[in-house]
Amino acid sequence: MKVLFAVSEVAPIIKVGGLGDVAGSLPKALEKLGVDVDVIVPFYSIIKRGDYKIIKQLTIEVPYSGETHDVSVYKTKIPGSNVDVILLFNQRFLSGGGVDAFSSLKDEVARFAFFNKAVVEFIKASFNIYDLIHCNDWHTGLITHLLEEEVGEERPATLLTIHNVSYQGQSSLELVREVDLSIPLHRILQWDLEDNNINFMLEGAASADAVNTVSPSYAKELLFDDIGGQISDILRGRSGRFFGILNGIDNSYFDPEKDRNIKYRFGVRDWKEAKNENKALLQKELSLPVKNVPFVSLISRLDPKQKGLDLLWESLKDILKLDLQFVLLGKGDKKYEEMLANLSKVKKYHEKLSISLGFDEGLARRIYASSDIFLMPSRTEPCGLSQMIAMRYGALPVVHNVGGLKDTVKDGIDGFSFNIFSPNAFLRAVTRAYKLYGSRKWDAMVKNALKNDFSWSKSAKEYKELYKKVIELRK
Ligand code: GLC
């Protein structure tokens, strides 16, 4: 089985968010199961050429906006694997992205329209050898339509994975002309264009041979309009072709026993001493007083709509009344960045609160390894990877009971969850965790968290089965 995994980012080569982690790890796990997967991404200029051995293979021609454009095809591998990564280079259309792949601003949408065209030209230039194209998020929403037009009956099967429905990639009729899609050929496109607006996620969800999302609970939630909007309509009509498969994490990449970013490495037996030693080091690093109080953290894109920053903000002063320390690492929304930074300057919080705006993988690992409690009050969460990483590093998550958080955190067993999305419910859950800290029950919960298996092994098998099914459906 030969699969092409089309995506906007692939860690560690280019990572903007959780999507990059999935693209960097699922293909590796599939390769171990004997699936031959290539990953295809745009060659953004922020991918530094020196960092990986990137070799130029060929040049293809991509028609777009009434002209033909050269696209150079480069190849590298996901480090530590045999998975090929194909990078498509075009200075004008593809080089500028990769900074915030979630934004659906107009030029971002045009970039991915061009990328979709280029992917299809690449498939043609590769003699149509792929059995299935695994498309990811709105960035790849036009690939099925284009394959229908360019390859016809012989086209490979397509699967679209929805990683986050909040970003759909919208643009105007103008763009459809630039892509040169034949509107009468696609009924869904005609319908979508009634308001002179094209929605990439909708096109992908309606046209792919099958659709899935990144956790079973989010798959259920997506059927309701308040979460999925217009996409819910489409998905309700696709029963039997819509699935939920839980993401995994790369256990060899996130491994507290071998992680070079932390000084005191640990496993299930010696977690406690190591965590305290790491905590003391990190307290010094962040200029917090060295003391053995519950260490609470949050690491996230600061996306106020999705990540529950409003809940955090409304309860933060109450949380800080408890005898604990709180550390936040993240970047994103400017308003929240400023409010948080200002709060950390208030004198009475100097010894309790540390805000690091930005993203630093090493610091993230040191925070996971030092934390006792990890907060994830997301309003919605398709899957979420941080709660799994936190548990792998022995930090108990406090989560809103939705989506992938619901599917990975067991209240009172390896974490804490709250059902109602309100500051009070969140504060009560944090207080529950705070009060248990240091008890025998706490230690048992940390052990449960550490023993969880969040690796890809199970989910990669599910993807392999799904691939087979989708290829059959296509025939
Ligand atoms: C998006 C979602 C997140 C998910 C990730 C990978 O970032 O918001 O929940 O874990 O994609 O699928």
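The figures here come from the full heavy-atom set of this structure, side chains too, leaving out hydrogens, waters and symmetry mates. First listed ligand is number 1; within each ligand, the first listed atom is number 1.
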Output the list of atoms in ligand 1 that are nearer than 4.0 Å to some heavy atom of [X], sorted by atom number.
X	value
N247	6 (C), 10 (O), 12 (O)
N164	8 (O)
V22	6 (C), 12 (O)

Query raised in the report: Heavy atom under 4.0 Å from ligand 1: found in R301's side chain, backbone, both, or neither?
Result: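 For R301, the contact with ligand 1 is made by the side chain alone.
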Query raised in the report: Relative to ligand 1, is D21 under 4.0 angstrom through side chain, backbone, both or neither, heavy atoms considered?
Result: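 The answer is neither.
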**Report entry** Cation over ring face, R301 and Y336, 6.0 Å, 45°
**Finding:**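 No, R301 does not sit over the ring of Y336.
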Query raised in the report: Under a heavy-atom criterion of less than 4.0 Å, does G384 contact ligand 1?
Result: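 For ligand 1, residue contact (heavy atoms, under 4.0 Å) with G384 is present.
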Query raised in the report: Considering residues at least two apart in sequence or located in another chain, which fulfil the side-chain hydrogen bond (donor to acceptor under 3.5 Å, both in side chains) criterion with D84?
Result: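 So D84 forms a side-chain hydrogen bond (donor to acceptor under 3.5 Å, both in side chains) with K77.
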Query raised in the report: What do you reckon, does K307 have a nitrogen or oxygen under 3.5 Å from a nitrogen or oxygen of ligand 1?
Result: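 N/O-N/O distance below 3.5 Å does not exist for this pair.
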Query raised in the report: Is there a nitrogen or oxygen of C383 sitting under 3.5 Å from a nitrogen or oxygen of ligand 1?
Result: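 Checking ligand 1 against C383, an N or O pair does fall under 3.5 Å apart.
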Query raised in the report: Out of curiosity, R392 CZ to F254 CZ, how far, rounded to the nearest 0.5 Å?
Result: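 Nearest 0.5 Å value for the CZ-CZ distance: 10.0 Å.
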Requested in this report: May I ask you to check whether W442 and Y437 place their ring centers less than 6.0 Å from one another?
Outcome: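 Yes, they do, as the ring centres are separated by less than 6.0 Å.
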Using residues 227-236 as the side-chain source, report each donor-acceptor pair under 3.5 Å to any protein atom, sequence neighbours left out, with the distance given to one decimal.
{"residue": "S232", "atom": "OG", "partner": "L222", "partner atom": "O", "Å": "2.7"}
{"residue": "S232", "atom": "OG", "partner": "F224", "partner atom": "O", "Å": "3.0"}
{"residue": "S232", "atom": "OG", "partner": "G228", "partner atom": "N", "Å": "3.4"}
{"residue": "S232", "atom": "OG", "partner": "G229", "partner atom": "O", "Å": "3.4"}
{"residue": "D233", "atom": "OD1", "partner": "R236", "partner atom": "NH2", "Å": "2.8"}
{"residue": "R236", "atom": "NH1", "partner": "L223", "partner atom": "O", "Å": "2.6"}
{"residue": "R236", "atom": "NH1", "partner": "D225", "partner atom": "OD1", "Å": "3.1"}
{"residue": "R236", "atom": "NH2", "partner": "D225", "partner atom": "OD1", "Å": "3.2"}

Query raised in the report: Between F426 and F418, how do the two ring planes meet: parallel, tilted or perpendicular, split at 30° and 60°?
Result: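 The arrangement is tilted - the two ring planes meet at 30° to 60°.
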